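Throughout, protein chains are lettered first and strands after them, A, B, ... in sequence-line order, and every chain is numbered starting at 1. Atoms considered below: every heavy atom in the structure, side chains included; atoms not considered: hydrogens, waters and symmetry mates. All of these numbers come straight from a predicted model, not from anything done at the bench.
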Amino acid sequence: MSKQPERIFIKGNEAIARGALAARCKCFFGYPITPQNDIPEFMSSEIIKAGGDFVQAESEVAAANMLLGAGAAGIRAMTSSSSPGMSLKQEAISYMAGSEIPAVIVNMNRGGPGLGDIGPAQGDYYQSTRGGGHGDYRHFTFGPGTVQEAYDLTIRAFDIAFEHRTPVLILGDAILGQMKEPITPWVPEGVDDEAGRDWAITGRTNARETAREKRLIKSLFLGEGELAGQNRHLQAKYDAWTDMAECEQFETEDAELIICAYGSIGRIAKSTVRAFRKQGKKVGLFRPITLYPFPSADLKKLAQAGKRFLTIEHNLGQMVDDVRLAIRTVADSDFFPIYPGNLPTPDELEAPILACLEGK
Amino acid sequence: MTEMQEKLVFSRPESVIDRPTHYCPGCHHGIAHRLVGELLDEMNLAENSLLVASIGCSVFLYNYLDVDAVEAPHGRAPAVATGVKRARPDNFVFTYQGDGDLASIGMAEIMHAANRGEKICVVFVNNTVYGMTGGQMAPTTLIGQKTTTTPAGRCITHEGAPIRMAEIIASLGGVAYAARGSLDSVKNISAAKKHLRKAFDCQLNATGFGFVELLSGCPTNWKMTPVQANERLQNEMIPYFPLGVFKDISEEGGIC
Ligand SMILES: Cc1ncc(C[n+]2csc(CCOP(=O)(O)OP(=O)(O)O)c2C)c(N)n1
Ligand code: SF4
Ligand SMILES: [Mg+2]
């Protein structure tokens, strides 16, 4: 009889750190900010035990640039932060996108703008899905809703980062980071620390290679037509991600009204949907798991099937733009905002959903 | 009659790629590049080297040195080099930065990389201006020096005093070697090369952070001929930025 898989009871922050270690993350660069401190604290000892290295950087600017360096060297590396720190990381993220450096970045979204608060919020959706820095770029973005999903998606984030040579963002929030849940940890097989790194700076001779031409990783393109070429190349890469979009659909099949919500709010809305279903009300949930690429095609199919939509976010309306873009030729979406500083219970979401369902 | 024979006595270091540079006549970046190239050859480092290029006139250094390279955002080269070195501790990692890059926008990154004692080397080219963007004031601009943003000359009560980086870096715990050389004369150039060699050695022996400031001319933005620029370097810069070694623990061993 096979052994029961191990279950552990941990916070979302720790799940992300453990997921990174399972994915053979070898360098972590952090800076203290609530509500993500468990990640650097955990990593400061555990990544060293795993044979990697940890640096508490002097700022988020430096942490993100250290990440850029480690990624350019072809090593699996990660940084984590929360909203104010994410603003500072955008410079390096733009450079990483421009010079196609793989890296994994975590944002445990807190309330903003400015110093905001330290509670959960989804105000960084635009920054996370539009390329938060300068220039015309995007990066892959996951929006996990549970602690298990945070663990799983962290592992996948590393594979995607290296397969597509892109920064990958994991967008959680203060709830996901601080909440404890039982999860089943797993370790991916076949992660090779050096395979497929034929672009990385390793020195012209390293253990696996004989002397070769020098390699250059850069985002400066001054030659005639060069930058346009690079932008075209990047755009083609982003376009190809469309097929990688993922979502969770819960009770959508016969639903009249679809709630669109991601991350923690998606999870709370799921409880509300369950409660409505017990009352026989035809409500379903559409929860994007990849925020970029956005699962537009799946959403459009629901619109074509005649559904109505209500988007609920922990902000004043950001993802609703993507929902509307996805369904624009067929339908529209209502919107219900949750302000930062408030954390809705499933019951509190009933009234706006009911109002929408009854066409009020 | 004896036959005249041509004998090559001075050639390009192998680590320096054979191509024309984009530098202005009389610019000292080329000399600094050459010194680095000579040492990469002599110390047999080219194949193991990872260069972190910075933003300034020297951004194209990665086109001139035959080593793997990554381009860092403006001022962030020491942070990028930290990431590179932590990821690949067996490689030789160095940055090459101007004074605007290192002593202004990148002040936090250089101070902390040095203080952590990162096992990297920093080649710091101080030409007292932002060369690439057209000669604006740098943190190292001398008092009274006219630049495009200090048209009446730098004033100590308005812009503060020029920063002496080698001395500041020497005061930090993780630093193994900090020195200042100058690229104005044959004598000073060969002293500068010795500084660089020592700084490189500190990384190879894992002693600590190595820092070499190189006083350099920017005739274009100083609005001088190359000869005048050299004279200014000797008569005005060296008196304010004294040459020498400010810290050297290489003889004493590591500082961990
Ligand atoms: C974030 C950012 N700010 C400003 C610039 C513009 N910029 C390019 S080079 C440079 C200054 C370079 O001066 P220095 O480091 O002294 O190098 P030099 O050209 O003199 O060798 C500046 C400000 C930039 N590229 N990025
Ligand atoms: S502007 Fe100054 S630093 Fe830049 S290449 Fe010309 S002389 Fe050299
Ligand atoms: Mg300069």
Side-chain angles (χ1 to χ4, degrees), chain A residues 26-29 47 52-77 79 90-96 98-99 101 103 133-134 193-194 199-207 209-222, chain B residues 14-15 17 22 40 44-55 59-93 95 105-120 132:
Chain A
K26 281 289 179 287
C27 287
F28 185 91
F29 308 104
I47 201 168
D53 209 346
F54 169 88
V55 181
Q56 179 167 323
E58 58 270 31
S59 67
E60 288 88 348
V61 173
N65 280 288
M66 291 173 189
L67 184 70
L68 184 159
I75 297 296
R76 289 184 166 216
T79 188
Q90 296 306 325
E91 174 192 63
I93 296 173
S94 168
Y95 275 74
M96 286 189 270
S99 44
I101 293 173
H134 62 284
D193 295 332
E194 294 288 344
W199 47 267
I201 57 164
T202 58
R204 285 197 284 113
T205 321
N206 78 2
E209 300 163 45
T210 49
R212 55 156 170 78
E213 297 281 284
K214 73 175 188 130
R215 291 176 185 158
L216 174 56
I217 297 181
K218 62 164 182 144
S219 60
L220 178 67
F221 296 97
L222 290 181
Chain B
E14 243 182 76
S15 301
I17 294 166
H22 70 290
L40 294 180
N44 197 21
L45 289 174
E47 293 200 334
N48 194 37
S49 282
L50 306 178
L51 159 68
V52 181
S54 67
I55 313 292
V59 61
F60 292 125
L61 175 57
Y62 51 58
N63 289 335
Y64 305 139
L65 287 185
D66 195 14
V67 298
D68 277 8
V70 58
E71 172 190 88
H74 193 24
R76 317 295 177 221
V80 173
T82 298
V84 172
K85 185 72 180 183
R86 299 290 183 130
R88 296 205 179 266
D90 297 335
N91 284 86
F92 180 77
V93 179
T95 76
I105 193 168
M107 191 57 134
E109 286 76 17
I110 187 64
M111 293 290 282
H112 287 277
N115 195 54
R116 281 191 304 267
E118 294 297 336
K119 311 293 182 290
I120 60 172
M132 188 185 225

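Of the two parts of A72(A), only the side chain, counted from C-beta on, holds a non-hydrogen atom closer than 4.5 Å to a non-hydrogen atom of chain B. Within the 4.5 angstrom heavy-atom criterion, no atom of A81(B) approaches chain A. Contact annotation for K26(A): neither backbone nor side-chain heavy atoms come within less than 4.5 Å of a heavy atom of chain B. Interface remark: L45(B) contributes no atoms to any contact with chain A (heavy atom separation under 4.5 Å). Both the backbone and the side chain of V70(B) come within less than 4.5 Å of a heavy atom of chain A. For V59(B), the part sitting under 4.5 Å from any heavy atom of chain A is the side chain, from C-beta outward, and nothing else. Neither the backbone nor the side chain of S94(A) comes within contact range of chain B; no heavy atom of the residue lies under 4.5 Å from a heavy atom of that chain. For L220(A), the parts sitting under 4.5 Å from any heavy atom of chain B are the backbone and the side chain alike. Only the backbone of A72(B) comes within contact range of chain A, with heavy atoms under 4.5 Å apart.
We find the CZ-CG distance between R212(A) and D68(B) to be 4.0 Å, quoted to the nearest 0.5 Å. The structure places CZ of R204(A) at 4.0 Å from CG of D66(B), a figure rounded to the nearest 0.5 Å. Note that CG of L216(A) and CG of N63(B) are 6.5 Å apart. Values are rounded to the nearest 0.5 Å. Note that CG of L222(A) is 4.5 Å distant from CZ of F60(B), once rounded to the nearest 0.5 Å. Rounding to the nearest 0.5 angstrom, the gap separating the CD atom in E91(A) from the CD1 atom in I105(B) is 6.5 Å. Rounding to the nearest 0.5 Å places OH of Y95(A) at 8.5 Å from NE2 of H74(B).
In summary, R76(B) and E58(A) do not engage in a salt bridge, as defined by a charged side-chain N under 4.0 Å from a carboxylate O.
Across all their heavy atoms, S59(A) and E109(B) have their closest contact at OG-OE2, 4.4 Å. When every heavy atom of A73(A) is checked against every heavy atom of A87(B), the shortest pair comes out as CB-CB, 4.0 Å.
Heavy-atom pairs under 4.5 Å with chain A peak, among A69(B), A77(B), A53(B), A46(B), at A69(B). In terms of heavy-atom pairs under 4.5 angstrom with chain B, the leader among E213(A), K218(A), R76(A), K214(A) is K214(A). Most heavy-atom pairs under 4.5 Å with chain A, from the set L65(B), L51(B), V80(B), I55(B): that is V80(B). Contact tally against chain A (heavy-atom pairs below 4.5 Å) for V67(B), N48(B), T82(B): the top residue is V67(B). The candidate with the highest count of non-hydrogen atom pairs below 4.5 Å against chain A, out of A108(B), A79(B), P89(B), is A79(B).
You'll find the side chain of P73(B) reaches within 4.5 Å of the side chain of L68(A), heavy atoms only.
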Handout entry: Evaluation steps, side chain to side chain contact (heavy atoms under 4.5 Å, CB included), between R86(B) and V55(A)
Key = CA-CA 9 Å; R86(B) 299 290 183 130; V55(A) 181; 3.5 Å; yes

